[in-house]
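Shown next, in structure tokens, is the structure this report addresses.
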Amino acid sequence: MSDLNVELPDGSTRAVAAGSTALDLAASIGPRLAKDAVAARVNDHLSDLTTTLRDGERVAIVTPASEDGRDVLRHSTAHVMAQAVTRLWPGAHYAIGPAIKDGFYYDFELPDGAHFSDDDLAKVDAEMRAIIAEDQPFARSEYSIDEALSIFKDQPFKIEIIEAVARGGSAADLAETGGDSLISTYTNSPTFVDLCRGPHVPRTSRLGHFQLTRVAGAYWRGDEKNPQLQRIYGTAWESKDALAAHLHQLEEAEARDHRKLGHELDLFSFPSEIGPGLALFHPRGGLIRRILEEYSRQRHEVSGYEFVNTPHISKAELFQTSGHLTWYAESMYPPMVLDDDQRYYLKPMNCPFHVLIYKSRPRSYRELPLRLFEFGSVYRYELSGVVQGLTRVRGMTQDDAHIFCTREQMAGELERTINFVLDLLRDFGLNEFYLELSTRPLAKSVGEDAEWEEAEATLTEVASKVGLDLELDVGGGAFYGPKISVQARDAIGRTHQLSTVQLDFQQPKNFDATYVAPDNTRTRPIMIHRALFGSVERFMAILIEHYAGNLPTWLCPEQVRVLGVRNDHDDYAYDVAALLKAQGVRTSVEEATEPLGSRIRKAKLEKIPYVVVVGNEDVEQGTLGINARGSNDPERGVTIGTFLERLRDEITAHASPEVPAWR
RNA sequence: GCCUGGGUAGCUCAGUCGGUAGAGCAACGCAUUCGUAAUGCGUAGGUCAGGAGUUCGAAUCUCCUCCCAGGCUCCA
């Protein structure tokens, strides 16, 4: 029997007997690997372990504790779920069920229009575990289009996919089926076969570390014009520990939820009387917000911005000229109609107003770049189902600026702006970034191709100069121009789109904005839209979650709380507080009407950076007992001068009392 | 907007078969004065999200509306 050689991931080659499968290869490397293996990557293509190897192929054995491995587990678990659902709901139609980040889902259409309820998750879970216990195989087969149509004759969604493939198919459909004229399927049992490209684990017994998480409605093929299917989401991992770690991560995210913390820390609320997506900021939330805004204003002033103010409503004419009524009327609050039929709209953005300020008199090239900044409150009629806490609201305040510059200044201004953004975000403790370039949305955009190309090229060039990774978001730009957005990673690894910088050739044209160039011609300026926080509300939400409510000292509404041990220490406590307040430290006193332990607990729950306790010793010696947030060891006998110095350094450095866990 | 699940005291929640609304925490009062994450006793607190219906009787059953959560779609 002649051997064949395959190349392993470490670059070495290995000889195996002709006709060997990927599993045989794994076994030849080691029994442990053969036991662990779930699939193989052959020439960069994920395949089943039963795949027969050919001479010269590059082969990597895929084990569960890898990205590929988890995808295979998740995808296989989705199939098990589909089988469970068809067992429990005979006649159910199953649509698609891919692996996704951290898990999987599968879409179904239940008989007689039935819906899943939360209680059904437990039933499906139990059935899935039964299937896993049966140790069914995942047996791959390939069929012609006609054979496949016959096998899936009772499954309309599968038929639709097969027919789409027969017509040439979309990439997504081809991915479901194997990608060429043959249709591949996986059979688990005589009663369950699914259309699938694979690969899958060899047997269902390899699965089991999963949890079904939620039921949801989802449109067939993601199109809201299509019927809505019933989706079940689950998470699946290679081991019990990995599953537990993931569930713990979810709990951590929940504990940090800004909606929960915002309520607990008395920062803001959303009374139902006002309506969805409209927040009230309470004194403490308002104070954080004021600090954010004042710091931002100060930085903008130094950076050459000028401050403007504009009204919240405008006649329709403004938004007709800007193009927003043409493109985005459905996302604007409906107009207020006056007696003389004049229509007024709440502003969904600030840019048209800033253009009018620009246009209020003739401009010279000597004035450019002109940078107009405003904390502008805008209102957008978001669909009721999408509003969420402070991150997706109907009324928000953007830290919005528009830079008017010449074409020659454009690249320089963009680079300057992105560096300014990153610098400001770092001051708030965000340190990990990448950039995303959003290009022309073909269905919804205006302007000439050449302009878009130039704009996109300029943004790409500027991005590369900044030295951060650049990802492409095809078609994600605004209707008037492409944008670069700064994506920031938070303390638990989630990424958030923060700042956006957009190039706009259209608005200056729509409003006929010009400047007088050195050669005395009237020339069109370029407009750069940019918001660094995005919205103040959303930025606050992200900071709250990033810090799990433990904001750096400079941002805390209350920085120090002073507690006397007994009533007769209260006077000294007030003296200490007065001293700190005189130095601009936000300080309060809670008198000794409750036991010390209880008052400390309350202050700790409020996440106040420093709880200062003063008793006899301190009164006598003029010292303090300091409890830093995040520490369980009180420091006794600290002098007021030392404490003040430490506070001042920390506030200047935008630091926290505790050592941040994410560094 | 669509799907699923929710809304009971300021908060977290219980409330059985349709039969006069419950607890803990918080608040308030009194007592307590204590050196590091919950002192004791007491008081008050409710149109059970809102509206309509069924019923002798509705937190509980039906319908409508509002709001919230998780998804889908959307996100200038």
Side-chain angles (χ1 to χ4, degrees), chain A residues 105 107 113 115-121 213-233 254 257 259-260 263-264 266 269-277 319 322-332 348-352 378 380-389 391-393 398 438 441 444-445 476-481 483 497 500 502 504 506-507 529 531 534 563-570 591-606 611-618 625-627 631-636:
Chain A
Y105 68 78
D107 287 345
H115 295 295
F116 291 123
S117 71
D118 285 349
D119 298 337
D120 292 332
L121 286 185
T213 48
R214 57 181 65 99
V215 301
Y219 299 105
W220 167 235
R221 290 172 180 266
D223 187 335
E224 65 181 325
K225 291 180 197 72
N226 284 337
Q228 194 157 37
L229 304 177
Q230 293 285 299
R231 175 173 298 181
I232 298 180
Y233 282 94
E254 204 180 317
D257 192 313
R259 292 164 298 188
K260 182 173 177 278
H263 175 255
E264 287 172 4
D266 195 17
S269 59
F270 295 90
S272 62
E273 292 89 331
I274 303 181
F319 300 118
S322 71
H324 290 102
L325 270 175
T326 311
W327 295 98
Y328 288 99
E330 80 280 5
S331 302
M332 293 168 65
M349 77 289 300
N350 305 298
C351 36
V378 298
R380 298 175 182 181
Y381 191 68
E382 303 285 1
L383 289 177
S384 64
V386 308
V387 299
Q388 199 216 33
T391 52
R392 191 80 182 268
V393 289
Q398 296 180 311
S438 301
K444 261 194 175 186
S445 62
F479 70 87
Y480 48 73
K483 70 176 180 194
Q497 177 181 315
T500 57
Q502 297 181 317
D504 185 355
Q506 304 311 321
Q507 303 267 354
H529 305 239
L563 310 175
V565 174
R566 269 195 330 262
N567 256 353
D568 44 335
H569 306 127
D570 283 346
E591 294 185 11
T593 50
E594 283 181 82
L596 183 62
S598 163
R599 285 175 291 147
I600 287 177
R601 176 168 193 269
K602 206 163 113 192
K604 293 273 189 188
L605 289 175
E606 288 178 45
V611 182
V612 168
V613 174
V614 292
N616 281 338
E617 280 174 34
D618 301 299
I626 308 292
N627 301 271
S631 157
N632 289 319
D633 298 317
E635 304 161 46
R636 298 280 292 269

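Values below: all heavy atoms of this structure, side chains included; hydrogens, waters and symmetry mates excluded. Letters A, B, ... are given to chains in the order of the sequence lines, protein chains preceding strands, and every chain is numbered from 1. Keep in mind that this is a model prediction, so the values were computed, not measured.
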> Given the C1' atoms of B:A59 and B:G50, what is the spacing between them in whole Å?
Replying inline: 14 Å
>> At 4.0 Å (heavy atoms only), tell me whether A:F479 reaches a base, stays on the sugar-phosphate, or touches nothing.
In response: nothing
>> Please name the nucleotide paired to B:C30 by Watson-Crick or G-U wobble geometry with both distances under 3.5 Å, or report none.
In response: B:G40
>> Return the pairing partner of B:G18 with a 3.5 Å limit on both distances, Watson-Crick or G-U wobble; otherwise return none.
In response: none
> Does B:A69 have a Watson-Crick or wobble mate here (both distances under 3.5 Å), and if so which one?
Replying inline: B:U4
>> Test of understanding: with salt bridge (Lys or Arg N to Asp or Glu O under 4.0 Å), list the residues that count as partners of A:R231, not counting sequence neighbours.
In response: A:D107
> Nucleotide range of RNA chain B contacted by chain A, 5' to 3', under 4.0 Å to a heavy atom?
Replying inline: B:G1 to B:A76
> Expressed in whole Å, how much space separates the P atoms belonging to B:U12 and B:C3?
Replying inline: 28 Å
> Which residues pass the salt bridge (Lys or Arg N to Asp or Glu O under 4.0 Å) test with A:E254, sequence neighbours left out?
Replying inline: none
>> At 4.0 Å (heavy atoms only), tell me whether A:H324 reaches a base, stays on the sugar-phosphate, or touches nothing.
In response: base
>> The test is side chain to side chain contact (heavy atoms under 4.5 Å, CB included); show your working for A:V565 and A:N616 and say whether it passes.
In response: CA-CA 8 Å; A:V565 174; A:N616 281 338; over 6 Å; no
> For A:L563, which contact category applies under a 4.0 Å heavy-atom criterion: base, sugar-phosphate, or nothing?
Replying inline: nothing
> Which part of the nucleic acid does A:G222 contact within heavy-atom distance under 4.0 Å: base, sugar-phosphate only, or nothing?
Replying inline: sugar-phosphate
>> Measuring only the C1' atom in each nucleotide, how far is B:C48 from B:U20? A whole number of Å is fine.
In response: 14 Å
>> Roughly how many Å apart are B:U16 and B:C11, using the C1' atom of each and rounding to a whole number?
In response: 26 Å
